[in-house]
Structures are given as structure tokens and as C-alpha cells.
Amino acid sequence: MSRYSAAEIEAKWQTAWDEAGLFRATRSADKPKYYVLEMFPYPSGRIHMGHVRNYTMGDVIARYKIANGFNVLHPMGWDAFGMPAENAAMASGGHPKDWTYGNIADMRGQMKPLGLSIDWSREFATCDPEYYGQQQALFLDMLDKGLVYRKNAVVNWDPVDMTVLANEQVIDGKGWRSGADVERRELTQWFFKISDMSDDLLSALDGLDNWPAKVKLMQANWIGKSRGLQFAFGMTEEAHGFDRVEVYTTRPDTLMGASFVGISPDHPLAKAMERQDPKVAEFCAEARKGGTTEEAIETAEKLGFDTGLKVRHPFNPEWELPVWIANFILMDYGTGAIFGCPAHDQRDIDFARKYGLPVQDVFVPAAGEEGHTRAENGKTAYVPPKTDAVRYIRGFAGAEVQNGSDAVDAAIDFCEARGVGQGVTKFRLRDWGLSRQRYWGCPIPVVHCETCGVVPEKKENLPVRLPDDVTFDVPGNPLDRHPTWRDCACPKCGAASKRETDTMDTFVDSSWYFARFTSPHADTPTVAEDAAYWMNVDQYIGGIEHAILHLLYSRFFARAMHLTGHLPEKAREPFNALFTQGMVTHEIYQTRDANGRPVYHLPEDIDRESQTVKATGEKLEIIPSAKMSKSKKNVVDPVSIVTGYGADTARWFVLSDSPPERDVEWTAAGADATAKHLARVFRICAEIAEMANGAAAGDDELLRAMHKTIDDVTKELESFGFNASIAKLYAFTNTLQKTQAGGTARKVAARTLAQLMAPMTPHIAEELWAILGGEGLCAAAPWPKADPAMLKDESLTLPIQINGKRKAEIVVPADMPPAEVEKLALSNDAVVKALEGATPKKVIVVPGRIVNVVV
RNA sequence: GCCCAAGUGGCGGAAUGGUAGACGCAGCGGAUUCAAAAUCCGCCAUCGGCAACGAUAUGUCGGUUCGAGUCCGACCUUGGGCACCA
């Protein structure tokens, strides 16, 4: 009898699958198609356990669908543009291209031993000119359809390095290299008009039945549809060419609590004042300090500057309000100006208390004490949910007691009727800025001509290729300072012109790769027949961190690709089902250096038992699990796991224990246990393979357990219950080990076990299938079917509760009528004893579930 | 600051509103062995009790229900996102 050797069997069966062409996807009319896709990786150089978990989940689905007769598309590629390649070039010389393609080769080499059912013939990297050239073609088509335009937008500006910084390069408001105070600076940039589709992107969420509710909710909140009032405050006197300040508010019902008008430092009025008044300029410069993230702006100290200008309240010309410039007002949202009602907005009350502005209640709780004075002295605004009824003490429209939503509607109607502004619907979603002042990205294919202006490049000149001869020894965009690359002829008039040097946001690359996989090497972005056949992605799998941006941008792109004729109507929502998986975590092992700073240690360098560092014997501090990261040294390298235990162990482990949407903690003990379990399955099955055929008393019991397991595992796999299906497989293995059944039944059961394990641990399953006399490849065998007749139990155990507490249980025939169950329950000894002679008030019998006696 | 999640034994976790702790890890006891490794069998939430059994228990506090880990409200903690990390 042979022993389980992962190294031998894994290579053998991977070759067998390859030679059978099992995973090569071709269009076929006689099978239903199934497209399963995992979010493609960034080629950082090493695969990590998170990748293993992500791709194993997709692989389980893919293999399960193959066994169920589907024509499966399961591709893989590389999200290959991006900053780390440039950072590597800056740090250690070399070229981003060499770094990236080297990493891709390494990672492909690390991934292949996992035995994934991937059609590698469709592989591409987004930095392949073949791919980004088609992306440029898409860009031109979108430009043509009016989906792309240019406008000013703010970026993080490092005034020392004279360069634009990514948000992650801004640390506590300072540039990561220079340490200089970062400022927000405006630049002319390219934008996708995603806001044109706000309403559609929002309402179409309803149709995404197989998306997690939390992702839909996050997207809905991000799009942020709101109804409010847009109106103007007239200024007491004209200043800087302005006679009014246009504001937008979602709470017009609080208009009588207005205390000031606030404008963004980037508001045209603020800018006009800034040009003439050094004090304003000084304030605006201060207000623009810090990064562009909403988090930085929202959490920054609230700063205000009283312009000295005054506006009149729309309902009362005598009532004058001051105009302040405030750093927390965003020019990008609404009109860049607000009115502040401190009593009912936390930000406004913080601001009002700081600058001594009045605070006046508009409404108080509907029930409760009169003269609610929270706003009078307090620092906390009264902001009840809009669905709560409140009493308006300074209301002007609608009932005295009403909820916030009704009051807003009434206020809008009231204002519209009096010509004070109008009700408008606005979205929080902003247009997608795609310009990046960086080298390692897809060049934006336009030309700047002195006479013709901005001119799209001709399609026959695509791809606009990145030049190879660039250096990263100075900050800034190498395309800008390249001696010749920018020079070109205007596609319209032929005059000497300059290329655009901005490249595209890498989110563009990942917003259509799923469509490209349907015809990965075509000389158009997609091919109609292929897209029509393979789209949509039936199951998309990736991290929850992509819940908003990547998925929203992809939904926009799919719509844009439909508008430009590159995708069929049905692919406007490209992902039929979405699953968001959790991270792989690990403990952190820490000691401290002489200065008390933490020093981290790799798992292989420590002794878990004695909690010491192997080399030095130093005592360790063990910090509970956190996301694996290089800096914390809590990484487990999949390659060493595959080499040491085999791919099947790595695959089984990352799927077991934790539900797939939650984080899973990698532990050495768990990996060890998994390897032992697989060896045990192998041993049990190998013994069975050598048994003589024949029947025995235990046959029926074993086969019933087998059918139950088929049923359970199938149901769990259909609903991403990988951990639960593994638990059922453990239980069935225990049954198979203890059974008294004869050889024939045992072989059937063992072959079924191999099949049920195959999506998770395909190599050992294939080997067992072969030694147990399975026909052909296990990976190609049809999925086992549970016999409904074998699933029915004749009797069942019912717990009996008294007032909801379990007191006894009875065994009854499965089909016993409730009245008889009740009689039986009440005559049960333990029940009689517990009742102590009391008469039950009520008896609840839930058929097949429980009996509850209420006294 | 804002949006979205998650909190259950020593540990990972299971549980269509219906017996809380399946399955696995660790631990403990036993078998096998010259011995060990490997393997096999059994026990294993907490407290009290010799036991039968009783009480407590799903982050905290309240609520709905015959019945709540599950539904509702508030809070605490941890994680994800916040538009130039991918």
C-alpha cells in the first residue's frame, strides 16, 4: 500500500489535467457557460496567503461547476501598472517594466503549483501594450461619446519636491520624502463623467440580488442621493462682483436657525477676495494645508475667517448673517457654500462655539421636557434621525409636530411657492478623476496642439507606447522631462504638437479586464460573439476593501462600454454575483530593542511553546492576529507551505475553520493538523481499495451517511459554505473509518468522498479516485447526486422546553401528528416532575423541531 | 469625523427565531510499542455537587417573543472604506 506523498501526486495530476486540456475555455453551444473570476493580483513579487485563499475559493467554484456540466471560464491576469514599480525603480534603480515583468514571472511560478483550474492561455498584464492600447481605444470612444472631459481639481502638492503625492504618500499632512507641509493645489485634469450615471448606478443596485447587502448599502451611501433646497442669500452690498451666495442644504427646515453662511476656501468669492486681501490669502493658504482626503478634511481643526461681508435672510431682510470662509466646506459638493445651523449640525456647532456665533433651536423632542436647551449651552447638536417626530419651535412650513423628512418636503414646497430657490436632487458621487502625473500607467492618448487645442490621437496610431529610456533619479513625472517623447504631429492639422503626459489611474485598468478576458488577444477591446457568450461574470470573488471604488468604477465602465458598442446590453451590470472574502491573519511576535522600540520576528524564527526567539532565547510578546504584512513580519509564505506540506494542505486549511467572508487565522498547528488529516484520508481509502468486494450489515447505514453528506456538501458549496462543507467531510471521514460495511459499499463511499473533496483538494482526490477504480479523471467526473429516499429519517428527537428552558427530550416517529406529540410530551416523566402539578397554559408544538410548554 | 461590518469555550468556529458550542485545534486519560514517533479509543463551556442534577453563559445594557447567538434600540471594542495604495 502506497503512502500519501503530496510532492509526487501533485505534479503528476497537474500534468494530467494540462494534457487533457481540462481548463482550456472555448465557446460551445452544447453546454451552459459559467464565468468565475477572482480579483486579479498586483504583481508585488510574492504571492501571499490572501491570494491562496482568494484563488482557492474561485477554484472550488470553478471545479464544482465543471463537475456539474458547465463550460467554465476561469482566467488570470495581472494588475500591473501602479506606484510600487516606480518606487522600486527610485529605491534601487532598474526599470518599472523589468521589475514588473520579473515579478509576474515569479508569481506565476508560485501560483502554478497550487493546481488552480485556470486557463493560462488567456493571461495578460495591464502593462502589456496590447492591453493598454485597447484601453486607449476605449478612452477615445468614450471621449467621442462625451463621457470624458477636463476640469480643475485639487491634488496633494509637495512644495519642496514640486510633485503631486498620492494620499498614502501624505503622512500627518507632510510629504513622505521631503517632510514638507502638503498643500491642496488645483490642476487641470481628465475626468470620466460617472456622475451622469449616478441615478442608474444607484437604482440598479436593487437588481443585484446576489451581491452582499453591505456592499450595495456602501455603494448607495457613496453615491449619496439627496433632495434639498438650492437658493441664494442676497448680499447686503455687492462685493468682488458678487451680489449673492448660492447655497445648497439638505435641511431647509432649519432655515430659521441659520447663524452664518460658510464658503469653501476654493469658492469663487473666496478666491476673488484672496487676490485683493493678503489676510484672506493668508487664511486660505492655511486652510489649504493638509491632504485632500475626506478624512483629513473632516478631522482637521475647524478654521474660519470672517470676511466681514453680510447676507440677508431670505425670509426677513432685516436679519443679517455673516459670511465666513471655512476649511471644512468642500467646493466639490453642492455649491461650495452652506448656511450653518449650529443647533442641529455637529460640525456647525463646533464652529459656532469656537467663533462665538449664535445657536438657536429650531425643534425640540416631540415628547419630553419643554424648553429643550441642549443647543443653548451645550456643545452637542440635537440631530435625531429624520424619521423621528419632533416639535418645531421655529418652524415655518408643515405641522408643528412632524418628522424631519416631512419637514424638509414642506420647507421645499414653502420656499418654492415664495420664489426662494428650488428643490433639487444632488448626488455625493463626484466625477472620476483619471489623470495621474506618473510614468508607469496607460498614457492618455491625446495631443495638445497650439491651433487645434486638445486633439484625440488617431486610432491607427495606437498604442501610444511608454518610452523605455526614462530615469527615476529626480522626483516628478519622467514623461514630462523626456527629451523627445512628447513631440508629435497634431493628428488634425499636422503641426508640431505635444503629447499629454498624464497617464491613467490604475483603476481604469481594472475596470474592464473582466471583459477583456473574453477575447484577451483581439485587436479590438472586445469581440462581440465572445463577449455575448461569456459575459457576465457569474461569480466574482475578491476583498471587501474593493466594495466601493473598484466595483463602482467597473459598473460605470461596463455601462460606458455598452454605450460605445463594446459590450452587450446584458453586461451593463457585469457581475451577476459577488462574494467578498476575508483576510488571512497571523499572530505577531515582538520583542523590544534597547530604546523600547518594537522588533518583529518571523514565525519560523521563534519557538511558540516557550515564547522565545530561537536564536537568542529572548522572551517574546505575542500580539493577537493581524493582517499579514511584511513590516510586522507575520507573513507565512505559501511557497514554503506548498513545498513542505503540499498544495492540498494549503488549500484545505485556508478554506476550513473560518467562514470565507471572515478573516482566517493561519496557525502552524492548524496546517499540521490539516496535513495529518489528508494523510489519514489517504490511508483509509488506500486500505479500502485493497478490500475484497462484498456486502455487510453496515452497508445501509454507510450509504445513508454518504447521501446525507452529498446533500450537505452540495448545499454548502452552492452557498459558499466552504468551512461547513469541510466539517461535513471530516464527519464523513470519521464514519468511513468506523463503518462495518462491506468492501463494495466502502469503495462507493470512498470514491464519493474523493469526489466531494476534489474541488478543495483536487490532487489527493484524483489519486484516490484512481486507486479506488474511478473512471477517467475525477476532475471530469459528474458531481454525485444525493438520493432523496436515503435522506429521510424514520424517527427524530424532539426537545421539550418548559417556559423556554429545555427539560427533556423524546424520540418520536417522523410523521407523528402534533396532537399526539403534545400528549407524549406532557406524559414524559421529566416534564411531569418539572411541572410540579401545575396545569400548562399553552403547549406549542413546532413539527420536527421542538415542544414548548408554557405554565 | 462620516459610511459599512464583526464580537459565541483555552483557540478557530457551528447553529432556516426552536436542544448553544457541530467539526477542527490544543489539553487530559487510555491502548499499541523495549522505548519513542506515528496511529487508534475515550473525556473536554463555567461554577456547585460523589452523583443524579442544578445554576450561569453567545461584547455591555435594555426591548420584542411561548422561545433570541439570531429581530429592534443604545453603548463598547476590533476591522474595512473615505475618491492619487491596489
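Not measured: the values here are computed from a predicted model. Because only heavy atoms are used, hydrogens play no part in the values below, and waters and symmetry mates are left out as well, while side chains stay in. A, B, ... follow the sequence lines: proteins, then strands. Residue 1 opens every chain.
Residue A/Lys676 is in sugar-phosphate contact alone, with no base atom involved, counting any heavy-atom pair closer than 4.0 Å across all strands shown. Counting any heavy atom pair closer than 4.0 Å across all strands shown, A/Gln189 reaches a base atom. Residue A/Ala547 is classed as having no contact, given no heavy-atom separation below 4.0 Å to the nucleic acid. No contact: A/Pro41 has no heavy atom under 4.0 Å from any strand. If you check every strand for non-hydrogen atoms under 4.0 Å, A/Gly224 touches nothing. Within 4.0 Å of A/Val170, counting heavy atoms only, lies no atom of the nucleic acid at all. Base engagement by A/His546 is indicated by at least one non-hydrogen atom pair under 4.0 Å involving a base atom. If you check every strand for non-hydrogen atoms under 4.0 Å, A/Trp222 touches a base. Residue-level contact check: A/Ser435 touches the bases, meaning some heavy atom is under 4.0 Å from a base atom. Heavy atoms of A/Lys728 sit nowhere under 4.0 angstrom from any nucleic acid atom. Residue A/Gln437 is in base contact, counting any heavy-atom pair closer than 4.0 Å across all strands shown. Note on A/Phe507: a base of the nucleic acid sits closer than 4.0 angstrom, heavy atoms only. Within 4.0 Å of A/Gly82, counting heavy atoms only, lie sugar-phosphate atoms of the nucleic acid but no base atom. Using a 4.0 Å heavy-atom cutoff across all strands shown, A/Asp672 reaches no nucleic acid atom at all.
In summary, the side chains of A/Gln737 and A/Glu687 do not present any donor paired with an acceptor at a separation below 3.5 Å, with no hydrogens or angles considered. For the residue pair A/Ser510 / A/Asp79, no side-chain donor-acceptor distance below 3.5 Å is found, with atom types taken as modelled. A side-chain N or O of A/Thr292 and one of A/Asn167 form a donor-acceptor pair less than 3.5 Å apart.
Nearest nucleotide to the side chain of A/Lys738, out of B/G1, B/U16, B/G42: B/G42. Closest to the side chain of A/Lys805, out of B/U56, B/A22, B/A86, is B/U56. Of the listed nucleotides (B/G13, B/C23, B/U19), B/U19 has the atom at the smallest distance from the side chain of A/Thr797. Of the candidates B/G1, B/A86, B/C40, the closest approach to any side-chain atom of A/Glu298 belongs to B/G1. Relative to the side chain of A/Tyr553, the nucleotides B/A22, B/G67, B/A83 differ in distance, and B/A83 lies closest. Among the nucleotides B/A83, B/G81, B/U19, the one closest to the side chain of A/Glu294 is B/A83.
Taking a pair to require two hydrogen-bonding distances under 3.5 Å in either a Watson-Crick or a G-U wobble arrangement, B/C25 pairs with B/G10. Remark: B/A38 base-pairs with no nucleotide in the shown strands. Criterion, Watson-Crick or G-U wobble with two distances under 3.5 Å. Across all strands shown, the partner of B/C2 is B/G81, judged by Watson-Crick or G-U wobble contacts whose two distances both fall under 3.5 Å. Using N1 to N3 plus N6-O4 or O6-N4 for Watson-Crick, or N1-O2 and O6-N3 for G-U wobble, each under 3.5 Å, B/A74 pairs with B/U60.
Comparing A/Phe40 and A/Val853, the nucleotide of RNA chain B nearest to each residue sits closer to the 5' end for A/Val853. Each of A/Asp657 and A/Ile850 was assigned the nucleotide of RNA chain B with the nearest heavy atom; the assignment lying further toward the 5' end belongs to A/Asp657.
Remark: the separation of the P atoms in B/A45 and B/A74 is 37 Å, to the nearest Å. With both ends at atom C1', the span from B/U70 to B/U64 equals 13 Å, rounded to whole Å. Atom P of B/A37 sits at a distance of 15 Å from the matching atom of B/U32, rounded to the whole Å. On the P atoms, B/G1 is 34 Å away from B/G17, given to the nearest whole Å. With both ends at atom P, the span from B/G12 to B/A26 equals 15 Å, rounded to whole Å. Comparing the C1' positions of B/G30 and B/C23 gives an interatomic distance of 23 Å, to the nearest angstrom. Using atom C1' as the reference point in both B/A57 and B/U19, the two lie 15 Å apart (nearest Å). For the C1' atoms, the distance linking B/C43 with B/G10 amounts to 16 Å, nearest Å.
Rounded to an integer number of Å, the gap from A/Arg662 CZ to B/C4 C1' is 16 Å. Nucleotide B/C4 holds its P atom 16 Å from the CG atom of A/Leu549, rounded to whole Å. Note: CD1 (A/Ile223) to P (B/C3) measures 17 Å, nearest angstrom. Across the protein-nucleic acid pair, A/Arg680 atom CZ and B/C23 atom P stand 12 Å apart, rounded to whole Å. To the nearest angstrom, P of B/C40 lies 11 Å from NE2 of A/His677. For A/Lys708 and B/A22, the NZ to P distance is 17 Å, given to the nearest whole Å. One atom, CZ of A/Phe732, and another, P of B/A22, lie 21 Å apart when rounded to the nearest Å. Atom C1' of nucleotide B/C23 and atom CD1 of A/Ile726 are separated by 10 Å, given to the nearest angstrom.
With A/Phe40 as the fixed residue, the ring-ring contact (aromatic ring centres under 6.0 Å, His included) test singles out one of A/Tyr540, A/Tyr513, A/Tyr131: A/Tyr513. Checked against A/Ile444 for a side-chain contact (heavy atoms from CB on, under 4.5 Å), the options A/Thr503, A/Val508, A/Asp502 give a single hit: A/Asp502.
Side-chain N/O atoms of A/Asn221 include none lying less than 4.0 angstrom from OP1 or OP2 on B/C82. Between A/Thr506 and B/A86 there is a side-chain N or O to OP1 or OP2 distance below 4.0 Å. For B/C82, the OP1/OP2 oxygens have no side-chain nitrogen or oxygen of A/Thr293 closer than 4.0 Å. OP1 or OP2 of B/C82 has not a single side-chain nitrogen or oxygen of A/Arg428 nearer than 4.0 Å. Listed pair A/Gln801 / B/C66 fails the phosphate criterion, with no side-chain N or O lying under 4.0 Å from OP1 or OP2. Here A/Lys842 does not reach the OP1 or OP2 of B/U65: none of its side-chain N or O atoms lies under 4.0 Å away. At B/A83, one or more side-chain N or O atoms of A/Asn167 fall inside 4.0 Å of OP1 or OP2 (strictly under the cut-off). Taking 4.0 angstrom as the limit, A/Asn803 places none of its side-chain polar atoms (N or O) nearer than this to OP1 or OP2 of B/G67.
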Steps toward side chain to side chain contact (heavy atoms under 4.5 Å, CB included) verdict (A/Lys728, A/Leu756): CA-CA 10 Å; A/Lys728 305 287 186 193; A/Leu756 295 177; over 6 Å; no

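For the pair A/Asn327 (side chain) and A/Glu301 (backbone), a donor-acceptor distance under 3.5 Å is present.
For the pair A/Lys151 and A/Phe191, the distance from NZ or CZ to the six-membered ring centre is under 6.0 Å and the angle to the ring normal is within 45 degrees.
Between A/Phe192 and A/Tyr553, the distance separating the two ring centers is not shorter than 6.0 angstrom.
The glycosidic torsion of B/G9 lies within 90° of 0, placing the base in the syn range.
Looking at A/Glu294 and A/Arg428, a side-chain N of the basic residue comes within less than 4.0 Å of a carboxylate O on the acidic one, giving a salt bridge.
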